[in-house]
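Quick note: numbers below take in every heavy atom, side chains included, and nothing from hydrogens, waters or symmetry partners. Everything quoted here is computed from the prediction, not taken from an experiment.
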Number of protein chains: 2
Amino acid sequence: MLAKTVPPLLAQAIHPQAQACAACPVRDTALFGVLGQGSIRHIYAGIDSLALAAEARVYARGEPGTAVYTVRAGIVRFQRVTGGGERRIVRLAGRGDLLGPEALLQQPYADEAVACTAVQLCRIPVNLIDRLAQADPGLNQELMRRWQRALEQAGAWAVELSSGVARQRVLKLLAELARLADGSAEIWLPRREDIGAMLGLTVETASRMVSQLRREGVMTSLSRRCAALDTAALAAALRAG
Amino acid sequence: MLAKTVPPLLAQAIHPQAQACAACPVRDTALFGVLGQGSIRHIYAGIDSLALAAEARVYARGEPGTAVYTVRAGIVRFQRVTGGGERRIVRLAGRGDLLGPEALLQQPYADEAVACTAVQLCRIPVNLIDRLAQADPGLNQELMRRWQRALEQAGAWAVELSSGVARQRVLKLLAELARLADGSAEIWLPRREDIGAMLGLTVETASRMVSQLRREGVMTSLSRRCAALDTAALAAALRAG
DNA sequence: CGAGCCGTTGAGGGGATTCAAGCTCAGTGG
DNA sequence: CCACTGAGCTTGAATCCCCTCAACGGCTCG
């Protein structure tokens with residue numbers, strides 16, 4: 001498979017990290033998907049692969065940004081504290097998503113990014129992106145596309161998950177979590193407090209809704225942080241309003 | 001195509017539109033603020049100045065995007081319809097803001113853009129931006145900055161204006177409207193239905209809150225769509241929680 | 001002048017919050 | 001091994017805030 005994407009003779013001359021990136025399972029969906037083989041070869045250093053446990057912080061809001069991150073596996077949340085002092089989750093990032101592009105503009109990180117599940121990230125230094133972008137203008141285009149997608153998703157998140165009655169919001173959140181699990185019926189189930197922070201509800205209300213949906217058979221708890229959805233029942237409940 | 005739109009002899013002189021742009025009052029805050037005089041001279045055609053009445057639509061969601069718009073004066077809202085069929089306002093744009101950058105990525109407009117007040121816009125065709133960006137790479141950087149700012153504002157909007165009790169949300173909205181009026185105490189006061197669509201409240205609740213704040217002297221109606229704020233009282237009310 | 005839209009206010013009901021108490025479960029140390 | 005502990009989850013009861021339904025007044029416009 002490596003031989004298919006990279007000519008064998010060149011393989012010796014190519015930096016190990018470049019080979020790893022060329023063979024990356026999320027490469028086509030991630031930031032470097034646009035880079036040609038020529039550019040991929042220039043990824044010779046600076047990229048770190050890191051694994052974080054759930055609840056580990058990737059970066060803090062206001063921190064000077066020196067790197068962006070690509071999500072290889074797991075779910076990351078962007079959160080912020082309101083003027084009133086309460087925590088709100090702005091949106092989630094999943095496989096292939098990019099964290100912290102504001103670092104490329106010499107700006108501090110706009111949100112706090114925290115791992116929801118165990119995650120695997122690629123840490124890409126800002127100056128590497130800068131260099132690659134000079135050689136391959138397609139990268140800038142891809143970055144803009146990602147900004148636009150983030151904007152679109154932020155809007156959808158705000159519009160869909162912060163209006164309507166609590167039950168409806170939780171249902172929509174479950175659908176979103178299924179999407180993040182690539183449509184699988186087994187989803188990551190957030191802590192009740194996090195559900196509250198996503199939907200603008202209290203812990204108690206979040207708990208009540210989850211319990212109710214469990215009793216109705218829309219979902220089944222598999223473990224503390226994992227549940228199985230009955231997607232048909234979920235769709236029906238969403239439609240029922 | 002260049003020869004068709006601009007007579008050869010005039011091409012060396014500065015086009016009237018280029019002069020207008022160079023003298024634009026919002027030029028330093030708007031998209032073309034980064035362009036040098038050299039690039040500004042290339043804005044010889046294609047930019048239209050347009051004035052829209054309140055409630056006029058700039059573009060619809062899903063419409064193929066052929067142009068971006070810069071706000072010279074007035075306020076524009078981005079809105080969307082939820083899965084449940086209700087209208088929600090995602091954020092507002094004011095002087096110097098850019099509308100519809102997704103058009104630059106050959107994407108349809110993500111939101112519906114509607115004038116809140118009478119507005120003055122500059123319509124900039126996508127292919128003009130493309131041409132300018134080739135000559136002046138700083139323009140791409142500036143575009144990314146704008147995407148990031150939009151993302152930041154969308155997050156702040158969602159977080160601040162869709163949690164807390166109704167009174168608090170309306171107060172925060174008033175503060176935001178003051179910001180859009182360049183800190184002036186005279187603000188544009190939205191229709192009650194629009195306040196509802198911004199804050200996730202019903203028309204009646206929005207009306208009650210506005211009336212209450214008027215009785216408390218936080219604001220005074222100057223005309224149907226315009227009010228004067230007592231900024232000190234507003235700040236105090238916000239702090240009081 | 002009637003029609004219609006918008007804003008306002010009231011009354012009642014329902015849903016979310018608040019406060020409070022038990023519960024499960026994993027980790028800890030005796 | 002097991003009580004102990006603490007964090008997270010659940011559930012109940014009372015309260016409160018917002019929504020719903022309804023009626024009315026002001027204003028613009030045909």
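Residue-level contact check: T205(A) touches the bases, meaning some heavy atom is under 4.0 Å from a base atom. Residue S207(A) is classed as a base contact, given a heavy-atom separation below 4.0 Å to a base.
At a cut-off of 3.5 angstrom, the base of dC21(D) holds at least one donor-acceptor pair with the side chain of E204(B). Side-chain atoms of R208(A) stay outside donor-acceptor range of the base of dG15(C), with no qualifying N/O pair under 3.5 Å.
To the nearest angstrom, C1' of dT8(C) lies 14 Å from CG of L189(B). With rounding to whole Å, I195(B) atom CD1 is found 14 Å from dC6(C) atom P. In this structure, L213(A) atom CG and dT11(D) atom P are separated by 12 Å, rounded to whole Å. For R191(B) and dG4(C), the CZ to P distance is 18 Å, given to the nearest whole Å. dC19(D) atom C1' lies 12 Å from atom CD of E86(B), rounded to whole Å. Here the P atom of nucleotide dC19(D) and the CZ atom of R192(B) are 16 Å apart, to the nearest Å. Here the P atom of nucleotide dC9(D) and the CE atom of M219(A) are 12 Å apart, to the nearest Å. Taking atom CG on L199(A) and atom C1' on dA16(C), their separation rounds to 13 Å, with Å as the unit.
Side-chain atoms of T70(A) and R27(A) form no donor-acceptor pair, as typed in the model, at a separation below 3.5 Å. In the model, T29(A) has no side-chain atom that pairs as donor or acceptor with a side-chain atom of R95(A) under 3.5 Å.
Each of dT20(D), dG8(D), dT17(C) was ranked by its minimum atom distance to the side chain of L201(A); first place goes to dT17(C). In the set dT17(C), dT8(C), dT11(D), the nucleotide with an atom closest to the side chain of R214(B) is dT8(C).
Residue-to-nucleotide proximity on DNA chain D shows that, of R215(A) and G200(B), the 5′-proximal contact is made by R215(A).
The side chain to side chain donor-acceptor pair (under 3.5 Å) test with Q212(B) is passed by exactly one of E216(B), R215(B), R214(B): E216(B). With V159(B) as reference, V90(A) is the one residue of V90(A), D111(A), V81(A), I89(A) to meet the side-chain contact (heavy atoms from CB on, under 4.5 Å) rule.
Applying a 4.0 Å cut-off to non-hydrogen atoms, the residues of residues 163-170 of chain A that approach DNA chain C are V165(A), A166(A), listed by residue number.
Counting all heavy atoms, side chain and backbone alike, W157(B) lies closest to L92(B) at CH2-CG, 3.7 Å.
One finds no salt bridge joining E152(B) and R149(B) here, because no Lys/Arg side-chain nitrogen approaches an Asp/Glu carboxylate oxygen to under 4.0 Å. No salt bridge links E176(A) with K172(A); every basic N to acidic carboxylate O contact stays at or beyond 4.0 Å.
Proximity of T202(A) to the phosphate of dA16(C): no side-chain N or O atom is located under 4.0 Å from OP1 or OP2.
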